[in-house]
> 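Can you keep this structure in mind? I'll have questions shortly.
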Amino acid sequence: MRTRPLKVALLGCGVVGSEVARIMTTHADDLAARIGAPVELAGVAVRRPDRVREGIDPGLVTTDATALVKRGDIDVVVEVIGGIEPARSLITTAFEHGASVVSANKALLAQDGAALHAAAEEHDKDLYYEAAVAGAIPLIRPLRESLAGDKVNRVLGIVNGTTNFILDKMDSTGAGYQEALDEATALGYAEADPTADVEGFDAAAKAAILAGIAFHSRVRLDDVYREGMTEVTAADFASAKNMGCTIKLLAICERAQDGESVTARVHPAMIPLSHPLASVRGAYNAVFVESDASGQLMFYGPGAGGSPTASAVLGDLVAVCRNRLSGATGPGESAYAALPVSGMGDVVTRYHISLDVADKPGVLAQVATVFAEHGVSIDTVRQQGRPEGDGEASLVVVTHRASDASLSGTVEALRKLDTVRGVASIMRVEGE
């Protein structure tokens with residue numbers, strides 16, 4: 001074993017960063033044995049240096065992150081501060097001064113992953129980011145290495161624990177959205193401002209990363225269709241149960257049937273209870289991968305939190321340190337396929353549409369005619385009058401597979417019917 005330690009700079013010492021530092025200290029001997037050399041925490045960049053950080057030598061703490069990554073003796077920079085800047089500048093500076101980088105920064109990678117990979121390649125350094133998607137679940141490396149000889153056709157997953165907790169509570173207890181969100185906040189699963197989670201921004205960034213790796217094409221955050229889950233209601237769950245389904249916020253990345261383009265999207269969807277993702281409960285994550293040779297694979301585990309995310313960071317740290325010792329680098333960006341990203345209008349799936357209609361003869365025929373005129377085939381229809389006898393009824397239509405564009409045209413035409421009082425909800429049906 002080499003006795004000279006590999007030096008690590010840690011950018012950020014919050015929930016994840018403090019766990020990374022703790023594991024590096026408590027598991028130092030094991031890490032050294034696995035790497036072939038000791039690893040030494042050489043500096044910790046923070047915004048608030050006066051805060052007490054248990055187990056971390058105060059002499060290592062600095063507010064000058066730029067000076068830390070420019071030192072020249074740093075072998076690996078671990079970036080867990082998040083956001084776009086200063087993280088982007090610090091990572092590129094690290095490459096320029098001889099360090100490889102391990103990052104958990106999904107937002108930055110989804111927005112500027114191509115530029116970061118180019119900078120790593122220019123300076124012959126590693127860029128690893130297992131922790132950016134699905135916490136402790138090994139997912140990036142299997143896609144980029146284990147399945148490198150296969151053709152991935154679809155990645156379908158629950159990649160945000162907060163939203164899964166909320167939807168699971170709504171499903172299992174009948175709670176409304178706000179009630180379930182309040183419980184998630186009280187338990188620490190949701191931030192004080194949950195927008196990034198419940199509006200799908202977090203999941204969209206992860207979808208961009210997964211699609212880029214799975215399809216060997218550049219997919220940016222702006223390419224991902226995003227729809228939040230704040231409009232999901234208890235009535236939607238009741239309808240889902242009538243269909244033998246539940247509702248999940250899904251990240252879906254898939255090749256077009258002709259193989260000439262890809263799509264990436266995040267939105268709530270009904271999935272059959274028989275699908276493996278339907279049984280993912282609480283704040284857990286799971287990703288379902290479909291490929292030509294290996295068939296269907298499922299990756300499951302805790303998708304967030306200090307310890308799970310730190311576990312993924314340390315796994316990358318071990319890999320990068322091994323590469324440093326051998327004088328090699330791991331796999332970089334693979335974007336040779338350069339497949340274009342299609343818009344949501346081209347996506348084909350099933351739909352569940354709930355309408356408020358006049359409770360009188362002929363309504364169903366009018367609605368069915370509109371669907372037929374727009375080339376959307378109906379699978380099932382359920383109409384139910386209301387007990388209050390207000391002259392209105394609920395009409396639920398489930399379609400066969402149709403494009404988003406054709407469904408949009410159908411709904412626009414339905415709204416113009418005098419007998420249709422309103423469109424209560426529209427939800428996609430996935431996972432079949």
> Could you pull out all residues at least two apart from Phe371 that satisfy ring-ring contact (aromatic ring centres under 6.0 Å, His included)?
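With sequence neighbours excluded, Phe371 shows a ring-ring contact (aromatic ring centres under 6.0 Å, His included) to no residue whatsoever.
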
> I need the Met170 CE to Thr246 OG1 distance, nearest 0.5 Å.
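That separation rounds to 10.0 Å.
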
> Using the ring of Tyr128 (Phe, Tyr or Trp, six-membered ring only), decide whether Arg322 places NZ or CZ under 6.0 Å from its centre and within 45 degrees of its axis.
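No.
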
> Going by side-chain hydrogen bond (donor to acceptor under 3.5 Å, both in side chains), name the pairs with one or both residues in residues 81-91, residues two or more places apart or in two chains.
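Those involving residues 81-91 are Glu85-Arg88, Glu85-Ser89, Arg88-Asp112.
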
> Working to the nearest 0.5 Å, report the span between CD of Glu227 and CG of Leu250.
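Spacing of CD (Glu227) from CG (Leu250) equals 11.5 Å.
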
> Under a plain distance cut-off of 3.5 Å, with no hydrogens placed, do Asp64 and Thr62 share a side-chain donor-acceptor pair?
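Side chains of Thr62 and Asp64: no pair found under 3.5 Å.
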
> Under the criterion side chain to side chain contact (heavy atoms under 4.5 Å, CB included), I'd like the reasoning laid out for Glu130 against Ile137: C-alpha separation, chi angles, the key distance, then a yes or no.
CA-CA 8 Å; Glu130 185 68 63; Ile137 305 172; over 6 Å; no

> For Ala251, check side chain to side chain contact (heavy atoms under 4.5 Å, CB included) against everything at least two apart and list the hits.
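Once residues adjacent in sequence are excluded, the partners of Ala251 under the side chain to side chain contact (heavy atoms under 4.5 Å, CB included) criterion are Val159, Ala207, Val266.
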
> Measure the shortest side-chain to side-chain distance between Leu147 and Ser294 over non-hydrogen atoms and say whether it is less than 4.5 angstrom.
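Touching, per the 4.5 Å side-chain cut-off.
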
> Tell me every residue that passes ring-ring contact (aromatic ring centres under 6.0 Å, His included) with Phe288, counting only those two or more places apart in sequence or in another chain.
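For Phe288, the residues satisfying ring-ring contact (aromatic ring centres under 6.0 Å, His included) (neighbours in sequence not counted) are His275.
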
> Ignoring hydrogens and angles, write down the donor-acceptor pairs under 3.5 Å from the side chains of residues 30-38, residues two or more places apart or on other chains.
none

> Output every pair passing salt bridge (charged side-chain N to carboxylate O under 4.0 Å, His left out) with a member in residues 152-164, not counting sequence neighbours, ordered by first then second residue.
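Counting only pairs at least two positions apart or across chains, the salt bridge (charged side-chain N to carboxylate O under 4.0 Å, His left out) contacts touching residues 152-164 are Arg154-Glu254, Arg154-Glu430.
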
> Where do Ala136 and Ala312 come nearest, in terms of heavy atoms and distance?
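Ala136 and Ala312 have their closest heavy atoms at CA-CB, 4.4 Å.
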
> Please identify each residue that fulfils salt bridge (Lys or Arg N to Asp or Glu O under 4.0 Å) with Asp223, with sequence neighbours left out.
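Counting only residues at least two positions away or on another chain, Asp223 forms no salt bridge (Lys or Arg N to Asp or Glu O under 4.0 Å).
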
> Any chance you could lay out the side chain to side chain contact (heavy atoms under 4.5 Å, CB included) test for Cys13 and Ile56, step after step, and finish with the verdict?
CA-CA 10 Å; Cys13 198; Ile56 295 178; 3.3 Å; yes

> Is it true that a side-chain atom of Ser217 and a backbone atom of Phe215 form a donor plus acceptor pair closer than 3.5 Å?
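Yes: the side chain of Ser217 pairs with the backbone of Phe215.
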
> To the nearest 0.5 Å, what is the distance between CD1 (Ile247) and NZ (Lys241)?
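Between atom CD1 of Ile247 and atom NZ of Lys241 there are 10.0 Å.
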
> Is Glu191 atom CD crowded by more than 12 heavy atoms from other residues, nucleotides or ligands, each under 6.0 Å away?
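Atom CD in Glu191 is not crowded, with 12 or fewer foreign heavy atoms closer than 6.0 Å.
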
> Looking at every heavy atom in both Ser406 and Val376, which two are closest together, and how far apart are they?
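Scanning both residues completely, I find the closest heavy atoms to be OG-CG2, 3.8 Å.
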
> Applying salt bridge (Lys or Arg N to Asp or Glu O under 4.0 Å) to Lys7 and Asp75, what does each step give before you reach the verdict?
CA-CA 5 Å; Lys7 294 189 176 183; Asp75 293 288; over 6 Å; no

> Of all the heavy-atom pairs spanning Asn323 and Gly330, show the shortest one and how long it is.
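Answer, listing the atom of Asn323 first, then Gly330: ND2-N, 3.3 Å.
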
> Is the number of heavy atoms from other residues, nucleotides or ligands within 6.0 Å of CZ (Arg382) greater than 12?
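Result for CZ/Arg382: enclosed.
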
> Would you call Val429 and Tyr351 a side-chain contact if the rule is heavy atoms closer than 4.5 Å?
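No, too far: nothing below the 4.5 Å cut-off.
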
> Quick check for you: to the nearest 0.5 Å, what is the distance between His352 atom NE2 and Thr399 atom OG1?
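Result: 10.5 Å between the selected atoms.
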
> Is there a side chain to side chain contact (heavy atoms under 4.5 Å, CB included) between Leu210 and Leu139 once you walk through the steps?
CA-CA 9 Å; Leu210 291 174; Leu139 185 58; 3.7 Å; yes

> Looking at side-chain heavy atoms only, is the closest gap between Val152 and Glu290 below 4.5 Å?
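SC-SC contact between Val152 and Glu290 ruled out.
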
> Which atom pair, heavy atoms only, marks the closest approach of Lys248 to Ala278?
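Shortest heavy-atom separation between Lys248 and Ala278 comes out as CE-O, 3.9 Å.
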
> Where is the tightest heavy-atom contact between Lys106 and Ala205, given as atom of each residue plus distance?
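Scanning both residues completely, I find the closest heavy atoms to be O-CB, 3.9 Å.
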
> Is there side-chain contact between Leu41 and Leu10, with at least one heavy-atom pair below 4.5 Å?
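Yes. Closest side-chain heavy atoms under 4.5 Å.
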
> Using the ring-ring contact (aromatic ring centres under 6.0 Å, His included) criterion, which residues pair with Phe165? Sequence neighbours excluded.
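Phe165 satisfies ring-ring contact (aromatic ring centres under 6.0 Å, His included) with Tyr189 once adjacent residues are dropped.
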
> Applying salt bridge (Lys or Arg N to Asp or Glu O under 4.0 Å), can you list everything that pairs with Arg141, at least two apart in sequence or on another chain?
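Per chain and number, Arg141 pairs via salt bridge (Lys or Arg N to Asp or Glu O under 4.0 Å) with Glu145, Asp316.
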
> Decide yes or no on side-chain hydrogen bond (donor to acceptor under 3.5 Å, both in side chains) for Asp182 and Thr185, but give the supporting numbers first.
CA-CA 5 Å; Asp182 290 344; Thr185 304; 5.3 Å; no

> Judged by modelled atom types alone, do Asp236 and Thr233 share a side-chain donor-acceptor pair under 3.5 Å?
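The answer is yes; a qualifying pair exists.
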
> Which residues pass the ring-ring contact (aromatic ring centres under 6.0 Å, His included) test with His267, sequence neighbours left out?
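Here no residue qualifies.
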
> Which pairs with one or both residues in residues 327-342 pass side-chain hydrogen bond (donor to acceptor under 3.5 Å, both in side chains), sequence neighbours excluded?
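Listed once each, the pairs are His216-Ser334, Arg218-Glu333, Ser261-Ser342.
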
> Quick check: do Ser403 and Asp346 have side-chain heavy atoms less than 4.5 Å from each other?
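Of all side-chain heavy-atom pairs linking Asp346 with Ser403, none is under 4.5 Å.
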
> Hydrogens and angles aside, do Asp292 and Asn153 bring a side-chain donor and acceptor to less than 3.5 Å of each other?
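Their side chains do contain a donor-acceptor pair, which is all the 3.5 Å distance test asks for.
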
> Please report the shortest heavy-atom distance between Ala413 and His374, naming the atom on each side.
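Closest heavy-atom pair between Ala413 and His374: CB-CE1, 3.5 Å.
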
> If you count heavy atoms of other groups shown closer than 6.0 angstrom to CZ of Phe237, is the number above 12?
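Result for CZ/Phe237: enclosed.
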
> Any side-chain heavy-atom pair from Asp168 and Val280 closer than 4.5 angstrom?
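A side-chain contact under 4.5 Å is absent here.
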
> Give me each pair satisfying salt bridge (charged side-chain N to carboxylate O under 4.0 Å, His left out) with a member in residues 397-409, each pair once, sequence neighbours excluded.
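Qualifying pairs: Asp404-Arg428.
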
> To the closest 0.5 Å, what do you measure between OG1 (Thr162) and CG (Asp197)?
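The distance works out to 4.0 Å.
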
> Please examine the side chains of Val396 and Ser354, heavy atoms only from C-beta on, and report whether any two atoms are closer than 4.5 Å.
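Answer yes - side chains close enough.
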
> I'd like to know if Glu412 pairs up with Arg415 as an ion pair, taking the criterion as any Lys NZ or Arg NE/NH1/NH2 lying under 4.0 Å from an Asp or Glu carboxylate oxygen.
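Looking at Arg415 together with Glu412, the answer is no, because their closest N to O distance does not fall below 4.0 Å.
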
> Starting at CG of Asp126, measure out to CZ of Phe95 and round the result to the nearest 0.5 Å.
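So the gap between those two atoms works out to 8.5 Å.
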
> Report yes if the side chains of Val287 and Met298 come closer than 4.5 Å at any heavy-atom pair, otherwise no.
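No, every pair of side-chain atoms sits at 4.5 Å or beyond.
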
> Can any side-chain N or O of Ser311 pair as donor or acceptor with the backbone N or O of Ser307 at less than 3.5 Å?
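Not confirmed, Ser311 side chain does not pair with Ser307 backbone.
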
> Can you confirm whether Asp73 is buried at CG, in the sense that more than 12 heavy atoms of other residues, nucleotides or ligands lie under 6.0 Å from that atom?
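Yes - once you tally the heavy atoms of other residues, nucleotides and ligands closer than 6.0 Å, there are more than 12.
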
> Applying side chain to side chain contact (heavy atoms under 4.5 Å, CB included), run through Val397 and Asp379 and close with a yes or a no.
CA-CA 8 Å; Val397 178; Asp379 183 18; over 6 Å; no

> Whether the Glu179 and Tyr177 side chains hold a donor-acceptor pair (N or O, under 3.5 Å, no angle test) is what I'd like checked.
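Tyr177 and Glu179 do not have a side-chain donor-acceptor pair below 3.5 Å.
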
